[in-house]
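Right, one structure below, let's go through it.
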Amino acid sequence: MYIPNNIKKISPFKIIMVKSATGALLGTLEIKRNSKIPLYRQIEDKLRQMILNGALKARQKLPSTRELAIELAVSRITIKSVYEQLIAEGYVKAKIGAGTFVSEGLEAKKPLIPELKTVNEIFCSKPLSIAAERISLSKASTSYGSIMPFRPGVPALDKFPLKKWKRCVTRAMKEQNHSYFSYGEPTGATDLRNSISSHLVDSRGMQVRPSQIVITSGAQQAFVLISLVLLNLEDTVWYENPGHIAGREVMNIVGAKVKPVPIEEEGLDLNYAIRNYPSPKLIFTTPSHQQPLGITMSLSRRLALIKHAHANDAWIIEDDYDSEFRYKGRPLPALSALDNTGRVLYVGTFSKSMFSAVRIGYVVVPEFLVEPFAKARNILGQSSSPVTELALAQFLSSGGFSEHIRKMRRIYHERKDSLLNALQCYCGDTLSPRKTDAGMHIIADLKIEAEDWAVHKSLLTAGIDSLPLSIYCQEPINQSALVLGFANCSQKVITNLVCEMAEVLRKF
Ligand SMILES: Cc1ncc(COP(=O)(O)O)c(C=O)c1O
């Protein structure tokens, strides 16, 4: 950059007085030398602003390029390119032999891009949309953070068969030609829907046609689609309490009346719900493995729930998020397998069985709902990546998926037992872990007089990411407990971590 000799040292925020006719005004032209915005852009923006807000008047002469370059201590080439740009945009006009002048008829116009301060002022005076206000009240986080031990719901990412997956991705890429480098089908790739349908028939006891499956970007998007397509303002939703947090938030945001239904030994307390909140439009449930309490809904409760939904024209969401992981006997058939009324919307995800970055889930709906779901999906962001969809179809049909599940079932079983043993051994005086035969987390009741929230916070500072049971509750329940994910912790580290936990807990 050219710096004239007579200017020795320039502060990064120096305001420079320009001595020409426009000098007094251009004196406010502040340039920041340590800014990421190039100098030419800063000068251009300032001049545009001054012209638009009338600080530089129509027909007013600008300093010569030489003058301004010296005054601002920048190269003359920089100023020349600024002037050329402003001439091209019509802000100023060059008159040969006379100089550069501000164009006419511009001063009334407001700046196109207001300064940040002005932007904030504008938005502060305008309230957010009702939906955005509801979103800001939600527990949704704006960052994911790093994965720490015992965070519930995180699978053993290092055990995923990367080589096999890579082969599936490569094959999906090979099978494609460039015409496939476009948006995919809003309902998902046919191959993937076929593979998922076979998987559901084989392992969940369901009768599903591929045409009933709508692929989504994870289970969460399925909840969004269901809420948009089936819920109206003020509709009543029965929601498990405690229950899956993010699903509840969506239903709140669309303006439904989300009602907490307690969980008892057989699952969702149907009598309580009927007594307190008649005529639900939608019922959210996790019958295979209640999130987070881990209860499996009894057969009689399943049948009663379907019967009630049918008689009352209600939909049931069956969130089957981690049913692959049962450690005693075979996985139970889905609630959906008992339904011959078409009331159950079955939601599945590959976030737990594989890894959440794959961002693929699905919802099984009656045929007549496929079109509204596909349209809603299209509007919400088209499709998932067709390459990932084909790779996943390949992973499922080649047997890679079921092999992975079998392996993980064994590993998770061992990890679960290690965690239970370690908790009994080292935290016996402070925690009472509940036995479980399924899933990827356990619940440990606090034996000490402390809020689970406070315990969670203290454990976080020790690098342990258990969640408090209360975070899953819409209405407080009389239980203080920690939710501990065991899937992503090797047996080796579990004992050490539990010893550290014991120390933190002893301080309460
Ligand atoms: C109960 C439950 N359902 C579904 C999901 C999966 O959501 P997604 O498929 O959008 O990752 C989770 C994730 O944590 C969950 O806990």
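Order of appearance sets the numbers: ligands from 1, and atoms from 1 within every ligand.
- Taking all heavy atoms of A219, G348, G439 into account, the minimum distance to atom 6 (C) of ligand 1 is reached by A219.
- Residue contacts with ligand 1, taken as heavy atom pairs separated by less than 4.0 Å, do not involve Q221 at all.
- Not a single N or O atom of T286, backbone or side chain, sits closer than 3.5 Å to an N or O atom of ligand 1.
- At distances below 3.5 Å, not a single donor-acceptor pair connects side-chain atoms of R377 with backbone N or O atoms of G188.
- The two atoms that bring P433 and Q424 nearest to each other are CG-CG, 4.2 Å, heavy atoms only.
- At a threshold of 4.5 Å between non-hydrogen side-chain atoms, the residues Y362 and L200 count as touching.
- By the 6.0 Å and 45° rule, R151 stacks over the aromatic ring of Y144.
- Within ligand 1, counting atoms from 1 as listed, the ones closer than 4.0 Å to a heavy atom of G218 are 9 (O), 10 (O).
- Every N/O-N/O distance between Y321 and ligand 1 stays at or above 3.5 Å.
- When all heavy atoms are compared, the tightest approach of S195 to A393 is OG-O, 3.4 Å.
- Less than 4.0 angstrom separates some heavy atom of S351 from each of these atoms of ligand 1: 8 (P), 9 (O), 11 (O).
- Nearest non-hydrogen protein atom to atom 16 (O) of ligand 1 is Q291 NE2, 3.0 Å.
- Between Q220 and ligand 1, an N or O atom pair is found at a separation short of 3.5 Å.
- Distances below 4.0 Å separate heavy atoms of D319 from the following atoms of ligand 1: 1 (C), 2 (C), 3 (N), 4 (C).
- Residue-level proximity to ligand 1 for H244 is carried by the side chain, the only part with a heavy atom below 4.0 angstrom.
- Here the side chains of F325 and M440 are in contact, with some heavy-atom distance below 4.5 Å.
- No donor-acceptor pair under 3.5 Å is formed between the side chain of R248 and the backbone N or O of Y239.
- Residue K352 places at least one N or O, backbone or side chain, under 3.5 Å from an N or O of ligand 1.
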request  = Please lay out, stage by stage, how H404 and W165 fare under the test ring pair (Phe, Tyr, Trp, His ring centres under 6.0 Å).
outcome  = CA-CA 11 Å; H404 174 59; W165 178 247; over 10 Å; no

